[in-house]
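All heavy atoms count here, side chains included; hydrogens, waters and symmetry mates do not.
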Amino acid sequence: MEKRGRIMSAAVLGLSLAIQGTGAAGPAFAASPEFARTAWEWEKLRDDRLEFEEIPDLIHEYNNQVIQNQIAYREYRGEDQTEISQDYYDAAEEIENRLEDPDPEEAGYAGAVRAALDSRIQAENLRKQGDDNLEDGEIKRLSYEQAEARLVKEAQEKMIDYWSQTWSLEQAQTAWEEAKSALQSEQVRVQAGISTADALLRAQGKEQEAKAELETAQSSQELTRQQLCLMLGWSYGAQVEICQVPEADLEAVSSVNLSEDVAKALEASYDLKITSRRLENARSSAARSSQEQTLKSQKEAAAGSVREAYDRLQLEKADYESAVQSAETAEKAYQTADRKAQAGLLAARELEEEKQSRDRAAAREQSAGLELLKAQIQYQWAVDGLASST
């Protein structure tokens, strides 16, 4: 199939997927045939519960871009470099076959001349792409696999972000409740003549600010939720239960061997595999030289990317361990304060302050745990083929 036909078929497929997704109770239009999975596996994927470990399969079966890529690849499977170059030549020839010399006597002659010139330039560019082409079916396969892996990584990060925003939303809700309570107290004080109008205005401002922050947090969380669900095949507005994400694996983080992982990352890198294939396909010495230089630069960049991901992983691990320690200390302080309050040795206001400190420390522990999980996922994906090569 010529390039134009491939592009058109992808566009038509995208429209059909959008139509089929509308109003669906759960993911539909799976990429794989029914016999590719057991009935139990399909049931788990098609329910309205999103579990973290299901993300790779949901992306593979229901992500629109992945489905389009899978269908497009059918046209490239097994094609060598020469056959793909011929696609460009065929597209150029089709453009030229449709060209007609404009009639000087007809209205719009100048515009027709410009359009014809643009078409000839387009045809020439397509021929040059054919001459310079280094692509083949294997490169297409690697590119589509890389795109799918990136989408899985992105969805995993979004699910972590969703829960991070959930904890932020809870804190914003608490802050608003506290601001409302403080405003009510200030109103009582003003009525009793023991506070001022300026103090009341400040309390009103803090309440309005806390409410605005709460609304922003709600909006951010809902946006992340909808983006995540759409990526995984649900329609907009679908009521999906987003399950908890797993905790970071501290043992795995502590046992990372950076030098071994750098070697694994270079072997698994999609970018390096693609460039190596292009080097094999290079016909001219200039093209080979260019690909060799690109490959060298990509190896250095990919190795550096893994090291950067490792450094961030270790920083997040240290931050999480510090947050755990702070939460434990805050919990002990609150328990001590609670015992004192029960014995009449501590005022209710002081106990409330200890409670708030404990809650803030617990929230920081939750946040740090999610950041560590995200850093662990990013590091693992760098090792598994997605290390940045630029």
Q) Does the side-chain contact (heavy atoms from CB on, under 4.5 Å) test come out yes or no for Val256 and Tyr379, once each step is laid out? A) CA-CA 10 Å; Val256 165; Tyr379 178 78; 3.2 Å; yes
Q: Would you please say whether a donor-acceptor pair under 3.5 Å links the side chains of Gln86 and Asp90?
A: yes
Q) Would you call Asp87 and Glu83 a side-chain contact if the rule is heavy atoms closer than 4.5 Å? A) no
Q. Any side-chain heavy-atom pair from Leu232 and Tyr62 closer than 4.5 angstrom?
A. no
Side-chain atoms of residues 183-195: list all donor-acceptor pairs with protein atoms under 3.5 Å, sequence neighbours left out, distances to 0.1 Å.
| residue | atom | partner | partner atom | Å |
| --- | --- | --- | --- | --- |
| Ser185 | OG | Ser181 | O | 3.1 |
| Glu186 | OE2 | Ser195 | OG | 2.2 |

Q: Count the heavy atoms of every other residue, nucleotide or ligand shown that sit under 6.0 Å from NZ of Lys299, and state whether that count exceeds 12.
A: no
Q. Does a salt bridge link Lys44 with Glu51, judged by any charged N lying under 4.0 Å from a carboxylate O?
A. yes
(Q) Assigning hydrophobic clusters by single linkage (Ile, Leu, Val, Met, Phe, Trp, Tyr; side-chain heavy-atom cutoff under 4.5 Å), is Trp163 placed with Leu214? (A) no
Q) Hey, are Asp118 and Gln122 close enough side-chain-wise for a donor-acceptor pair under 3.5 Å? A) no
(Q) Side chains of Glu145 and Asn69: any donor to acceptor distance under 3.5 Å? (A) no
**Q.** Point-to-point distance, once rounded to the nearest 0.5 Å, from CG of Asn63 to CG of Leu151
**A.** 5.0 Å
Q | Lys/Arg N to Asp/Glu carboxylate O, Glu138 vs Arg141, below 4.0 Å | A | yes
**Q.** Student check: side-chain heavy atoms of Arg277 and Lys273 closer than 4.5 Å
**A.** no
Q.
Between Lys340 and Glu354, does any side-chain N to carboxylate O distance fall below 4.0 Å?
A. no
**Q.** For Trp42, all residues meeting ring pair (Phe, Tyr, Trp, His ring centres under 6.0 Å), sequence neighbours excluded
**A.** none
Q) Rounded to the nearest 0.5 Å, what separation is found between the CD atom of Glu292 and the OG1 atom of Thr275? A) 12.0 Å
(Q) Any salt bridge linking Glu34 with Arg46? Criterion: basic side-chain nitrogen under 4.0 Å from a carboxylate oxygen. (A) yes
Q.
As an exercise, state the distance from OH of Tyr162 to CG of Leu223, rounded to the nearest 0.5 Å.
A. 12.5 Å
Q) Do the side chains of Ile242 and Ile59 join up, straight or via other hydrophobic residues, at under 4.5 Å, putting them in one cluster? A) yes
Q. If you measure from the Lys or Arg side-chain nitrogens to the Asp or Glu carboxylate oxygens, is any gap between Arg77 and Asp136 under 4.0 Å?
A. no
Q. So does Glu177 pair up with Lys180, basic N to acidic O under 4.0 Å?
A. yes
Q) Within a reach of under 6.0 Å around CD of Glu43, are more than 12 heavy atoms found that belong to other residues, nucleotides or ligands? A) no
Q. Going through the checks in order, is the side-chain contact (heavy atoms from CB on, under 4.5 Å) test met by Asp103 and Tyr109?
A. CA-CA 7 Å; Asp103 185 348; Tyr109 172 70; 5.8 Å; no
Throw together a table of side-chain donor-acceptor distances under 3.5 angstrom for residues 358-378, partners on residues two or more places apart or in other chains.
| residue | atom | partner | partner atom | Å |
| --- | --- | --- | --- | --- |
| Asp359 | OD2 | Lys355 | NZ | 3.1 |
| Arg360 | NH2 | Ser357 | OG | 3.3 |
| Arg364 | NH2 | Asp319 | OD1 | 2.9 |
| Glu371 | OE1 | Arg312 | NH2 | 3.2 |
| Lys374 | NZ | Asp161 | OD1 | 2.4 |
| Gln376 | OE1 | Asp249 | N | 3.0 |
| Gln378 | OE1 | Arg312 | NH1 | 2.2 |
| Gln378 | NE2 | Glu157 | OE2 | 3.0 |

Q.
The test is side-chain contact (heavy atoms from CB on, under 4.5 Å); show your working for Val113 and Leu117 and say whether it passes.
A. CA-CA 6 Å; Val113 169; Leu117 179 59; 5.5 Å; no
Q. So do Thr174 and Glu170 actually touch side chain to side chain, heavy atoms under 4.5 Å?
A. no
Q: Would you sort out whether Gln325 and Glu321 count as a side chain to side chain donor-acceptor pair (under 3.5 Å), showing the intermediate values?
A: CA-CA 6 Å; Gln325 184 62 49; Glu321 290 172 339; over 6 Å; no
**Q.** Flag side-chain contact, heavy atom, 4.5 Å: Val152 against Trp381
**A.** yes
Q: Look at the side-chain heavy atoms of Ile, Leu, Val, Met, Phe, Trp and Tyr, link any pair under 4.5 Å apart, and say whether Leu250 and Val383 land in one connected group.
A: yes
Q.
Check this for me: Asp101, atom CG, are more than 12 non-hydrogen atoms of other residues, nucleotides or ligands nearer than 6.0 Å?
A. no
**Q.** Ring-face cation contact, Tyr73 with Lys140, 6.0 Å cut, 45° max
**A.** no
Q) Any chance CD of Gln244 has more than 12 other-residue heavy atoms, nucleotides or ligands included, within less than 6.0 Å? A) yes
Q. Who passes side-chain hydrogen bond (donor to acceptor under 3.5 Å, both in side chains) against Gln226, sequence neighbours left out?
A. Glu222
(Q) Could you check whether Asp261 and Ser259, counting side-chain N and O atoms only, form a donor-acceptor pair closer than 3.5 Å? (A) no
Q. Can you name the residues that form a side-chain hydrogen bond (donor to acceptor under 3.5 Å, both in side chains) with Glu328, not counting sequence neighbours?
A. none
Check residues 198-213 and write down every donor-acceptor pair under 3.5 Å in which the side-chain atom is one partner and the other belongs to a residue at least two apart or another chain.
| residue | atom | partner | partner atom | Å |
| --- | --- | --- | --- | --- |
| Glu207 | OE2 | Trp176 | NE1 | 2.9 |

Q | Straight-line distance of Tyr144 OH to Gln65 CD, nearest 0.5 Å | A | 8.5 Å
Q. Do NZ/NE/NH1/NH2 and the carboxylate oxygens of Arg37 and Asp57 come within less than 4.0 Å?
A. yes
Q.
Using side chain to side chain donor-acceptor pair (under 3.5 Å), reason through Gln342 and Asp338 one step at a time and then give a plain yes or no.
A. CA-CA 6 Å; Gln342 292 182 25; Asp338 187 46; 3.0 Å; yes
Q | Min side-chain heavy-atom separation Arg120-Glu96 under 4.5 Å | A | no
Q: Any chance you could lay out the side-chain contact (heavy atoms from CB on, under 4.5 Å) test for Ile139 and Ser143, step after step, and finish with the verdict?
A: CA-CA 6 Å; Ile139 289 176; Ser143 297; 4.0 Å; yes
Q.
Under a 3.5 Å threshold, yes or no: a donor from one side chain and an acceptor from the other, between Gln298 and Ser269?
A. no
Q. Is any side-chain heavy atom of Glu135 closer than 4.5 Å to a side-chain heavy atom of Asn281?
A. no
Q.
Nearest 0.5 Å, please: how far is CD1 in Ile55 from CG in Leu50?
A. 5.5 Å
Q) Does the side chain of Trp234 come within less than 4.5 Å of Leu230's, by heavy atoms? A) no
Q.
For Arg283, I'd like to know if atom CZ has over 12 heavy atoms of other residues, nucleotides or ligands within 6.0 Å.
A. yes
Q: Considering only NZ, NE, NH1 and NH2 on the basic side and carboxylate oxygens on the acidic side, decide whether Arg98 and Glu94 come within less than 4.0 Å.
A: yes
